[in-house]
Amino acid sequence: NSLIVPGKLQFLLNGFEFIPDAPLKTNQPYTWRVTPGIKDKAGNRTGYENSGSFTTAASATAGVGSISGTVTDGKGNAIPSAYLNLSNSSYTFWRSATSDAKGAYQLSDILEGRYKISVSSPPSQTSLIPPPEVSVDIKKDQTLKQDFAFLASTKTVRGTVKTAKG
C-alpha cells in the first residue's frame, strides 16, 4: 500500500534532503525510507537503512513565507557554500540551503510558525566561528531578511625556531 513518490535525494553536510518531483498531497501521511547501498556525498555506499514518517499540512499554500539574506565573514566578505538549516522545535518541518558565490541564500515555502536557523561553515573555511543559532517567526506572504556573519578565529603560534644544528 506504499505510495512511491519520485524525487531527488540530496546529501548535505548534516544529513540529507528529499525533493519530490511534484507537490505532495495536503493532509496526507507519508513514510520515507533510505535503503542500504545509496551513495553518500563522498561516493560511499551506506550500509544501513533509515526511515521516518510525517504528515503534510492541511493546505500547502496557507501561511507560506520565506527567508533570505547573506552570509559574510564579519568584515562584509561573502562566504560561499555556507550551510543553513531551518527547523521547527519538533523537527517535523525543515529546510536547508547553501549560500551562493555572493553569500546569498533563500529558504522558501516555509509554513507559518516559529523556527530556528543554524549556519555551518563551508568545508574549505573551518577556521570560521559560526554565528549563534537564531529564532525567527514566519508570517504568511512574508519574506524575512536575516543576515549571518561568521567570526574569524585567530591562531597564535609562539616558540623558537631552531636549525638542525641547534
Side-chain angles (χ1 to χ4, degrees), residues 5-34 38-42 46 50-153:
V5 178
K8 178 179 147 190
L9 184 67
Q10 176 181 344
F11 281 90
L12 307 169
L13 292 175
N14 299 337
F16 62 89
E17 176 178 52
F18 176 75
I19 304 165
D21 289 342
L24 299 177
K25 293 180 181 178
T26 59
N27 203 27
Q28 175 73 38
Y30 288 91
T31 299
W32 59 268
R33 185 176 77 162
V34 177
I38 301 248
K39 291 184 180 179
D40 64 14
K41 266 186 125 167
T46 59
N50 229 331
S51 64
S53 61
F54 64 94
T55 301
T56 53
S59 173
T61 58
V64 175
S66 63
I67 302 171
S68 65
T70 56
V71 181
T72 63
D73 65 1
K75 295 178 184 176
N77 300 312
I79 301 293
S81 302
Y83 177 76
L84 296 98
N85 186 50
L86 172 132
S87 63
N88 62 4
S89 61
S90 62
Y91 295 99
T92 56
F93 184 91
W94 67 90
R95 292 282 183 270
S96 60
T98 303
S99 59
D100 66 16
K102 295 179 181 178
Y105 75 92
Q106 171 105 20
L107 295 159
S108 302
D109 300 324
I110 305 168
L111 297 174
E112 278 187 288
R114 186 161 187 79
Y115 298 90
K116 58 185 176 180
I117 305 174
S118 60
V119 185
S120 302
S121 61
S124 62
Q125 295 180 302
T126 56
S127 65
L128 293 173
I129 300 170
E133 188 174 86
V134 172
S135 292
V136 294
D137 290 308
I138 299 300
K139 307 276 189 241
K140 181 180 179 180
D141 299 326
Q142 174 192 37
T143 297
L144 182 68
K145 179 151 175 59
Q146 180 66 56
D147 295 331
F148 292 95
F150 280 89
L151 300 174
S153 65

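Since this is a predicted model, take the numbers as computed values, not measurements. When reading the values below, keep in mind they use all heavy atoms of this one structure, side chains included, and skip hydrogens, waters and symmetry mates.
- Of all non-hydrogen atoms in Ala149 and Pro131, the two that sit nearest each other are O-CB, 3.5 Å.
- Heavy atoms from other residues, nucleotides or ligands lying under 6.0 Å from NZ of Lys116 number more than 12.
- For Asp137 against Gln142, the heavy-atom pair with the smallest separation is O-OE1, 3.6 Å.
- In this structure, Asp147 contributes its side chain and Thr70 its backbone to a donor-acceptor pair below 3.5 Å.
- Among the candidates Ser120, Ser121, Pro123, the single residue satisfying the side-chain contact (heavy atoms from CB on, under 4.5 Å) test with Tyr83 is Ser120.
- One finds the NZ atom of Lys75 at 15.0 Å from the CZ atom of Phe150 (value rounded to the nearest 0.5 Å).
- Minimum heavy-atom separation, Ala82 to Val119: CB-CG1, 4.2 Å.
- For the atom pair Tyr105 OH and Ser68 OG, the distance stands at 6.5 Å (nearest 0.5 Å).
- Across every non-hydrogen atom of Leu107 and Ser96, the tightest pair is CD2-C, 3.6 Å.
- Contact between Thr72 and Ile79 at its shortest, heavy atoms only, is C-CG1, 3.4 Å.
- A distance-only check finds a donor-acceptor pair linking the side chain of Arg95 to the backbone of Ser108 [under 3.5 Å].
- Here CD1 of Ile117 is found 9.5 Å from OG of Ser87. Values are rounded to the nearest 0.5 Å.
- In this structure, CG in Asp141 is found 9.5 Å from OG in Ser66, a value given to the nearest 0.5 Å.
- Without hydrogens or angle criteria, Ser99 side chain to Ser81 main chain gives a donor-acceptor distance under 3.5 Å.
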